[in-house]
Amino acid sequence: MRIDRVFRKLANTLPFMMAFIDTERRYQFVNERYEQFFDVKLDELKGKLVAEVLGEQSYKRISKIHSKVLAGEDVSLREKVTLRNGRVLQLEIKYVPNQNQRTGQINGFFAIINDVTHYASASEVLRAVHDVMNRQSMGLSTDRIIKLLKLGCEYLNTDIGIVSRVVDNEYTVKYAWSTGDPIPPGTQFELGNTYCSVTLAASDVIATRHASTSKEFSGHPCYAAFKLETYLGLPIRINGKVWGTLNFSSQTSRGAPFTDLDKELMGLLCSAIETLIINNSKTDRLERLAYTDFLTGLSNRLFINEFFERLVYQNRERLNQYYCVLVDIKRVVERLRQDIENLKIEHDDEIITTTVSIGVTKLQEQDSFNLAYKRADKALYQSKSDGRNCTRWN
């Protein structure tokens, strides 16, 4: 196909990417939007095999599609593409064979490409939010908050997503996801040294992709310390009160301005995270009730049983280094010590002493908690039968 000046001018006005591939599967033309999107020039592509540009492994996936198109068939598909910088895109591609009007032969095909990453990511965020809001009693909240942070970063094309807890002037990272080095939970900053101080002062969604030239951020201590060029943040409210912030940031400037859709979706994502934080608080309270004795606050048998099972699972190969000990006490007045028998306590001119009977068993590879407990209990019974204030093994 002959690419003349009129065709080139027309192709460069199109609102989508376009490429023309000949029957040898070599690039012959790409429009300006294609060049801008993939950061490549026509002169670099022209005459090169598609397989050479994409790589043999990547081209294997679409070579059959190209064969269909060169046989005269229109083909449409949605494809995930990873760019050189690692960014993953969702592209809608329509392949249209080009036929020589005089001979009727196929002389190549057009690839018409639309980037639908934004819409695909928006759908993914909506699905995730729907999942969180409709499965409130399911699963551990931490993993789901991290998943939402990752989705938010992918949607906004940012490198860092953080849920922070703000108390007075103290900013604490509670949950974080990052494309680079991990940000440990518990990391703390003064609130005034974070962009979130601007967010909380405004009590609304704050967003910039040019912090270095922004009136609110250019002289901010956070910019001086971390050079974060892109930022979107909004307050997290629990029971009507500010609890912390949800924020996304990058050192690079975001390509496109933040839209109202971006802000609305991050608002929905923030609502989902607020729900998870509330549920997590309820779960923590329920776990404390389930695993502790109401009167003493000590761990109960259910906790010990689950701890035992976890210990066995994680340390099966060196289980014989652990012991199960049961201690029976007549009067507990202080934490047990190694020489508890010699402990003497004065009370109202009276000397109080206490002794313990102890039963011990060595853990075995196939032990369950009940088996180990029964052996230790038997040893404890023997200790008491032998006059108390002694240790017996079983």
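Remember, it's a predicted structure, so these values are computed and weren't measured experimentally. Residue numbers run from 1 in the order of the sequence given.
Remark: Asn370 CG is packed, more than 12 non-hydrogen atoms of other residues, nucleotides or ligands lying under 6.0 Å away. More than 12 non-hydrogen atoms from other residues, nucleotides or ligands lie less than 6.0 angstrom from NZ of Lys227. Shown here is Tyr59, whose OH atom has more than 12 heavy atoms of other residues, nucleotides or ligands within 6.0 Å. When the shell of 6.0 Å around CD of Gln188 is examined, it contains more than 12 heavy atoms from other residues, nucleotides or ligands. The number of heavy atoms from other shown groups lying within 6.0 Å of CD (Glu264) does not exceed 12.
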Given Leu228 and Tyr195, is the side-chain contact (heavy atoms from CB on, under 4.5 Å) satisfied, shown in steps?
CA-CA 9 Å; Leu228 296 174; Tyr195 285 163; 3.7 Å; yes
In sequence, state the C-alpha distance, the side-chain angles, and the governing distance for Arg392 and Asp386, and then conclude on side-chain contact (heavy atoms from CB on, under 4.5 Å).
CA-CA 9 Å; Arg392 295 294 180 262; Asp386 290 347; 2.7 Å; yes
I'd like to know whether Val50 forms a side-chain contact (heavy atoms from CB on, under 4.5 Å) with Ile21, so could you lay out the CA-CA distance, the side-chain angles of the two residues, the decisive distance to 0.1 Å, and finally the verdict.
CA-CA 8 Å; Val50 178; Ile21 314 295; 3.8 Å; yes
Go through Ser197 and Tyr171 one step at a time and tell me if the side chain to side chain donor-acceptor pair (under 3.5 Å) criterion holds.
CA-CA 9 Å; Ser197 59; Tyr171 172 106; over 6 Å; no
Would you please test Phe38 and Val53 for side-chain contact (heavy atoms from CB on, under 4.5 Å) and show each step?
CA-CA 12 Å; Phe38 289 107; Val53 175; over 6 Å; no
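Screening Phe20, Tyr27, Phe29 for a ring pair (Phe, Tyr, Trp, His ring centres under 6.0 Å) involving Phe110 leaves a single residue, Phe20.
Looking only at atom types and distance, the side chain of Glu92 has no donor-acceptor partner in the side chain of Ser76 under 3.5 Å away. Inspection of the Ser203 and Arg237 side chains reveals an N or O donor paired with an N or O acceptor under 3.5 Å. If you check the side chains of Thr252 and Glu229, you find no donor sitting under 3.5 Å from an acceptor. Side chains of His220 and Ser214: no donor on one and acceptor on the other come within 3.5 Å. No hydrogens or angles considered: nothing links the side chains of Arg209 and Thr158 as a donor-acceptor pair under 3.5 Å.
Judged by distance alone, with hydrogens and angles left aside, the side-chain atoms of Glu190 form no donor-acceptor pair with the main-chain N or O of Asn169 at under 3.5 Å. Arg26 places a side-chain N or O within 3.5 Å of a backbone atom of Gly47 that can act as its donor or acceptor partner. A donor-acceptor contact shorter than 3.5 Å links the side chain of Asn394 to the backbone of Arg375. Within the 3.5 Å criterion, the main-chain N or O of Glu24 finds a donor-acceptor partner in the side chain of Asp22. No donor-acceptor pair under 3.5 Å is formed between the side chain of Thr361 and the backbone N or O of Ala372. Of the possible polar contacts, none joining the Glu35 side chain to the Lys41 backbone as a donor-acceptor pair under 3.5 Å is found.
The two residues Val205 and Lys263 have their closest heavy-atom pair at CG1-CG, 3.9 Å. Taking every heavy atom of both residues into account, Asp168 and Leu191 meet most closely at O-CD2, 3.9 Å. Heavy-atom minimum distance, Pro97 versus Val69: CB-O, 3.3 Å. Smallest separation of non-hydrogen atoms from Ala379 and Val360: CB-N, 3.8 Å. Across all their heavy atoms, Met18 and Ala11 have their closest contact at CE-CB, 3.5 Å. Closest approach of Tyr223 to Phe217, counting heavy atoms only: CB-O, 3.6 Å.
Two residues are said to be in side-chain contact when any heavy atoms from C-beta on lie closer than 4.5 Å; Tyr155 and Leu261 meet this criterion. By the 4.5 Å heavy-atom criterion applied to side chains, Ser67 and Arg25 are counted as neighbours. Side-chain atoms of Ile236 and Thr245, non-hydrogen and from C-beta on, never get closer than 4.5 Å to each other. For the pair Asn12 and Arg8, the minimum side-chain heavy-atom distance is below 4.5 Å. Here the side chains of Met266 and Leu156 are in contact, with some heavy-atom distance below 4.5 Å. Using a 4.5 Å heavy-atom cutoff, the side chains of Asp262 and Arg254 are in contact. Under the 4.5 Å side-chain criterion, counting only non-hydrogen atoms from C-beta, Thr208 is not in contact with Phe258. Put simply, the side chain of Glu216 does not reach to within 4.5 Å of the side chain of Ile206, judged on heavy atoms.
Put simply, Leu265 and Val163 are part of the same group of oily side chains (I, L, V, M, F, W, Y) that touch within less than 4.5 Å, one to the next. Note on Val166: it does not cluster hydrophobically with Ile273, by side-chain heavy-atom contacts below 4.5 Å among ILVMFWY residues. A continuous path of ILVMFWY side-chain contacts below 4.5 Å connects Ile183 to Phe189, so both sit in one hydrophobic cluster. Transitive grouping of hydrophobic side chains (ILVMFWY, heavy atoms separated by less than 4.5 Å) keeps Val173 and Leu276 in distinct clusters. In the hydrophobic clustering of ILVMFWY residues, with side-chain heavy atoms under 4.5 Å counting as a link, Val96 and Tyr34 come out together.
Between the CZ atom in Phe16 and the CD1 atom in Ile113 there is a gap of 10.5 Å [rounded to 0.5 Å]. With rounding to the nearest 0.5 angstrom, the CD atom of Gln28 is 13.5 Å from the NZ atom of Lys48. Atom CD1 of residue Ile162 and atom CG of residue Leu149 lie 8.5 Å apart, to the nearest 0.5 angstrom. From Asp143, atom CG reaches atom OH of Tyr175 across 10.5 Å, with rounding to the nearest 0.5 Å. The CG atom of Leu371 sits 11.0 Å away from atom CG of Leu363, with the distance rounded to the nearest 0.5 Å. Taking CG from Leu269 and CZ from Phe248, the interatomic distance works out to 5.5 Å, rounded to the nearest 0.5 Å.
Cation-pi check for Lys9 over Phe7 is not met; the charged atom does not lie both under 6.0 angstrom from the ring centroid and within 45 degrees of its normal.
Here Phe109 pairs with His66, Tyr95 under the ring pair (Phe, Tyr, Trp, His ring centres under 6.0 Å) rule; sequence neighbours left out.
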